[in-house]
Participant: 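If you scroll down you'll find the structure; I have some questions about it.
Residue numbering restarts at 1 for every chain, and letters A, B, ... go by the order of the sequence lines. Bear in mind that the values here come from a model prediction, so they are computed numbers and not experimental data.
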Amino acid sequence: MQNNFSIYNSLSRRKEPFEPLHPPFAGLYVCGPTVYSDAHLGHARPAVTFDLLYRYLMHLGYNVRYVRNITDVGHLENDSDEGEDKIQKKARLEHLEPMEVVQKYMNTYHRNMDQLNVLPPSIEPRASGHIIEQQEFIKKIIESGLAYEVNGSVYFDVLKYSQDHNYGKLSGRVLEDLQTSSRALEGTDEKRNSFDFALWKKASPEHLMRWPSPWSEGFPGWHLECSAMSIKYLGERFDIHGGGMDLQFPHHECEIAQSTAALGEESVKYWMHNNMITIGGQKMARSLGNFITLDQLFSGIHPLLEQAYSPMTIRFFMLQAHYRSVADFSNEALKAAEKGLRRLMKAVGTLKMLKPSDSSTLDISGLKSKCYEAIDDDLNTPVLLSCLFDGVRYINSVNDGTERLSETDLTILSELFGTFVFGILGLKDEEENMEQGKLTEDLVNLVINMRQDAKARKEWAVSDKIREELAKIGITLKDTKDGVEWEKS
RNA sequence: GGUCGGUUUACCGAGUGGCUAGGUAGCGGUCUGCAAAACCGUUUACGGCGGUUCGAAUCCGCCACCGACCUCCA
């Protein structure tokens, strides 16, 4: 199971060689969505990033277990008057059961992920299905003396934990700074310190989602599910934990503290964080009016969108930026991505038609090496794509007859594109469905033949008019030496 | 206000102490009845001010701007 794969570990703040704890197995846990609203652009980034990681680990030959949770246990909303549960609040507005809301948005999320060609994880555990495990986890932390109970709620004692452990190591926080910079909480506070966090929360009378426990009828604290479920399915020590950069603090920091408190050792070997997205240089927020759901993006129905962008355009666009950089969305950038993707896919089609020569004038092995160097370097997909576009140029040049490739090199190149474009990057050809395509093809060919007749009679005005009219309905004709080609524009 | 990260050519977006990223757009050329595609060539770069260095866009400092987090929101 040799590999040259290195990933950036947020914990060490440097790139490290990927060496799984138990080869040939690799364990990956990623924080999934909270299902209380439609999936948006912000959901797509981590999904695509870690889908890429999942695919590459499998490509390297690892037996990967990929766990991505669904958060369906609501948590208190701080800007709500009633302190209502997010999911509960939505349920009241829509007169639905909380679990009905969960189901609805979970279905949407799954559909959108499928559209983005994001592979389903090996296990998709739901927080509501692991209440027992979370309670057992709390008991362990209480046994270790690092949690305390107040009025039916249980809190993690960060100060006591920090005597023997480094709370803040992942996010670079210093406890003293947290103490002074924390905002004062209104009302009575049960916590000993503002930076303590809830492991179990007693439910208020109007709170719908509640479970019995040794401490009170209530619900688990919001950091707990990931600790409990990752360890249940991946073991007390596992390889990679991923999520958005916004989760680094406090969520992941608290996870480290909880797991260390409960198990006596840290669970995660590599922490990976994807960066955020912006729209026109601004962060996406409902209050800024630039909040775009994936369905809106795919349909183009949103005031900011000049057109619809296909799921593969979105995926390709995200892959053109490195996952640790901010990705900025704009109509201009997405249109550029759309065209770039089409060029790539066209070349894939051309590649199948290439005829081998006796020898090669291009270095295909070198290209292959560069592709692996790029992906091995902390999933550097922008560089990988630049290498693949070099390949696109190679393909087109061979097609034009200005370069040659041997049968061996042609095979390597075909495998290379198949592996990287479809297998690892997870792109797919989005051309129209087959039956529609057949009819269109027959019709277009009919018109082309009529135009060829006009051309044979040198009736240029007629042939030009046909071409222009076809262009108006989205069919572009190209007169090549070998005949007429056409494509949808 | 605090912590951390960023500021690259028209747009998006990599990278590096001296050597072409790539995509999209523009311009010129090849091909072509014309156009398109493809190929070839090509233009405006590394936020500002200092410092280190033979040499910095790449290292250091300060300033400006942007973002994430600092919330019992996930």
Participant: Between B:G22 and B:C31, how many Å separate the two C1' atoms, rounded to a whole number?
Facilitator: 26 Å
Participant: Applying a 3.5 Å limit to both distances, which nucleotide forms a Watson-Crick or G-U wobble pair with B:C59?
Facilitator: B:G51
Participant: OP1 or OP2 of B:C39 versus the side-chain N and O atoms of A:R343: is any pair under 4.0 Å?
Facilitator: yes
Participant: Any base atoms under 4.0 Å from A:L477, or only sugar-phosphate, or nothing? Heavy atoms, all strands.
Facilitator: base
Participant: Side chain of A:K283 only, heavy atoms from C-beta on: which candidate in B:A68, B:C69, B:A14 is closest?
Facilitator: B:A68
Participant: Going by purine N1 to pyrimidine N3 plus the second Watson-Crick contact, or the G-U wobble pair, all under 3.5 Å, which nucleotide sits opposite B:G1?
Facilitator: B:C70
Participant: For the residue pair A:Q135 / A:S213, report whether a side-chain donor-acceptor contact shorter than 3.5 Å exists.
Facilitator: no
Participant: Can a donor-acceptor pair be found between the side chains of A:S153 and A:W215 at a distance below 3.5 Å?
Facilitator: no
Participant: Quantified in whole Å, what is the C1' atom distance between nucleotide B:C65 and nucleotide B:C59?
Facilitator: 22 Å
Participant: Taking side chain as C-beta onward, heavy atoms only, is A:N274 less than 4.5 Å from A:Y323?
Facilitator: yes
Participant: Ignoring the backbone of A:H322, work out which of B:A14, B:C72, B:C69 is nearest its side chain.
Facilitator: B:A14
Participant: Can you find a donor-acceptor pair, distance only, under 3.5 Å between A:N399 side chain and B:C39 base?
Facilitator: no
Participant: Does A:F197 reach a base, just sugar-phosphate, or nothing at all? Heavy atoms under 4.0 Å.
Facilitator: nothing
Participant: Among side-chain atoms of A:S171 and A:E253, is any donor-acceptor pair under 3.5 angstrom?
Facilitator: yes
Participant: Examine A:Y36 together with A:Y105 and report whether their ring centres are nearer than 6.0 Å.
Facilitator: no
Participant: Between B:A36, B:A38, B:A68, which one does the side chain of A:K478 approach most closely?
Facilitator: B:A36
Participant: What is the distance, to the nearest angstrom, from the CZ atom on A:R451 to the P atom on B:A35?
Facilitator: 13 Å
Participant: Please state the P separation for the pair B:C46 and B:C54 - nearest whole angstrom.
Facilitator: 24 Å
Participant: Can you confirm whether A:V326 sits close enough to A:I277 that some side-chain heavy atom of one is under 4.5 Å from a side-chain heavy atom of the other?
Facilitator: no
Participant: Of the options B:C39, B:A68, B:A21, whose atoms approach the side-chain atoms of A:M276 most closely?
Facilitator: B:A68
Participant: Please set out all donor-acceptor pairs under 3.5 angstrom arising from side-chain atoms of residues 463-471 of chain A, sequence neighbours excluded.
Facilitator:
{"residue": "A:S463", "atom": "OG", "partner": "A:W460", "partner atom": "O", "Å": "3.0"}
{"residue": "A:E469", "atom": "OE2", "partner": "A:K472", "partner atom": "NZ", "Å": "3.4"}

Participant: Of all the choices, B:A36, B:A25, B:G33, which nucleotide is nearest to the side chain of A:K455 once you look at every atom?
Facilitator: B:G33
Participant: Once you round it to whole Å, what is the distance between P of B:C72 and CZ of A:F156?
Facilitator: 16 Å
Participant: Tell me the interatomic distance from A:L334, atom CG, to B:G13, atom P, rounded to whole angstroms.
Facilitator: 11 Å
Participant: Look at the side chain of A:Q320 and the backbone N and O of A:L385, then say whether any donor-acceptor pair between them is shorter than 3.5 Å.
Facilitator: no
Participant: Which sits closer to the 5' end of RNA chain B, A:F316 or A:A333, going by the nucleotide each is nearest to?
Facilitator: A:A333
Participant: State the pairing partner of B:G22; accept Watson-Crick or G-U wobble contacts with both distances under 3.5 Å, and report none otherwise.
Facilitator: B:C12
Participant: Considering only the C1' atoms, how many Å lie between B:A21 and B:A57, rounded to the nearest integer?
Facilitator: 15 Å
Participant: With the side chain of A:D400 defined as its heavy atoms from C-beta on, choose the nearest nucleotide among B:C72, B:C39, B:A14.
Facilitator: B:C39
Participant: Are the side chains of A:W271 and A:N9 in touch, meaning some heavy atoms are under 4.5 Å apart?
Facilitator: yes
Participant: What integer distance in Å separates A:E253:CD from B:C69:P?
Facilitator: 15 Å
Participant: From the set B:C34, B:A14, B:C72, return the single nucleotide nearest to any side-chain atom of A:K201.
Facilitator: B:C72
Participant: Between protein and nucleotides 3-10 of chain B, what N or O pairs are separated by less than 3.5 Å?
Facilitator:
none

Participant: When rounded to the nearest Å, what value does the distance between C1' atoms of B:G13 and B:U8 take?
Facilitator: 9 Å
Participant: Contact class for A:Y155 vs. all strands (heavy atom < 4.0 Å): base, sugar-phosphate, or nothing?
Facilitator: base
Participant: Rounding to a whole Å, what distance do you find between A:W486:CH2 and B:A35:C1'?
Facilitator: 18 Å
Participant: Tabulated below should be each protein N or O lying under 3.5 Å from an N or O of nucleotides 40-42 of chain B; please produce it.
Facilitator:
{"residue": "B:C40", "atom": "OP1", "partner": "A:R393", "partner atom": "NE", "Å": "3.3"}

Participant: Which value, in whole Å, describes the distance between the C1' atoms of nucleotides B:A56 and B:C49?
Facilitator: 15 Å
Participant: Output the single nucleotide from B:A14, B:G22, B:C34 whose closest atom is nearest the side chain of A:Q320.
Facilitator: B:G22
Participant: Return the nearest nucleotide to the side chain of A:S330; candidates are B:A21, B:C72, B:C11.
Facilitator: B:C11
Participant: Please state whether the rings of A:Y161 and A:H165 are parallel, tilted or perpendicular, taking 30° and 60° as the class boundaries.
Facilitator: parallel
Participant: Tell me: OH of A:Y167 to P of B:C70, nearest whole Å?
Facilitator: 11 Å
Participant: Could you identify the nucleotide paired to B:C65, looking across every strand shown and requiring Watson-Crick or G-U wobble geometry with both distances under 3.5 Å?
Facilitator: B:G6
Participant: Do A:F389 and the base of B:G23 stack face to face, with centres under 5.5 Å apart and an angle between planes under 30°?
Facilitator: no
Participant: What is the ring orientation for A:F197 with A:H223, classed by angle as parallel under 30°, tilted 30 to 60°, or perpendicular over 60°?
Facilitator: perpendicular
Participant: Determine the interatomic distance between C1' on B:C4 and the same-named atom on B:C40; round to the nearest Å.
Facilitator: 46 Å
Participant: Using a heavy-atom cut-off of 4.0 Å across all strands, would you classify A:A327 as base, sugar-phosphate, or nothing?
Facilitator: sugar-phosphate
Participant: Out of B:A14, B:A37, B:C34, which nucleotide sits closest to the side chain of A:A321?
Facilitator: B:A14
Participant: Please state how far atom CZ in A:R45 lies from atom C1' in B:G67, giving the value in whole angstrom units.
Facilitator: 13 Å
Participant: Could you check, using the six-membered ring where one of them is a Trp, whether A:F291 and A:H40 have ring centers closer than 6.0 angstrom?
Facilitator: yes
Participant: In terms of the nearest nucleotide of RNA chain B, which residue is placed more toward the 5' end: A:K339 or A:N396?
Facilitator: A:K339
Participant: When you measure only distances, ignoring hydrogens and angles, does the side chain of A:D246 come within 3.5 Å of the base of B:G67 through a donor and an acceptor?
Facilitator: no
Participant: If only side-chain N and O atoms count, and only distance matters, is there a donor-acceptor pair under 3.5 Å linking A:E403 with A:Y394?
Facilitator: no
Participant: Regarding A:S153, tell me which of base, sugar-phosphate or nothing describes its non-hydrogen contacts under 4.0 Å with the strands shown.
Facilitator: nothing
Participant: Taking the same atom, P, in B:U43 and in B:G28, what whole-Å distance lies between them?
Facilitator: 15 Å
Participant: A:F420 and A:Y372: aromatic ring centres closer than 6.0 Å?
Facilitator: yes
Participant: Is B:A38 paired to anything, Watson-Crick or G-U wobble with both distances less than 3.5 Å, and if yes, which nucleotide?
Facilitator: B:U30
Participant: To the nearest Å, give me how far apart CE (A:M318) and C1' (B:G23) are.
Facilitator: 17 Å
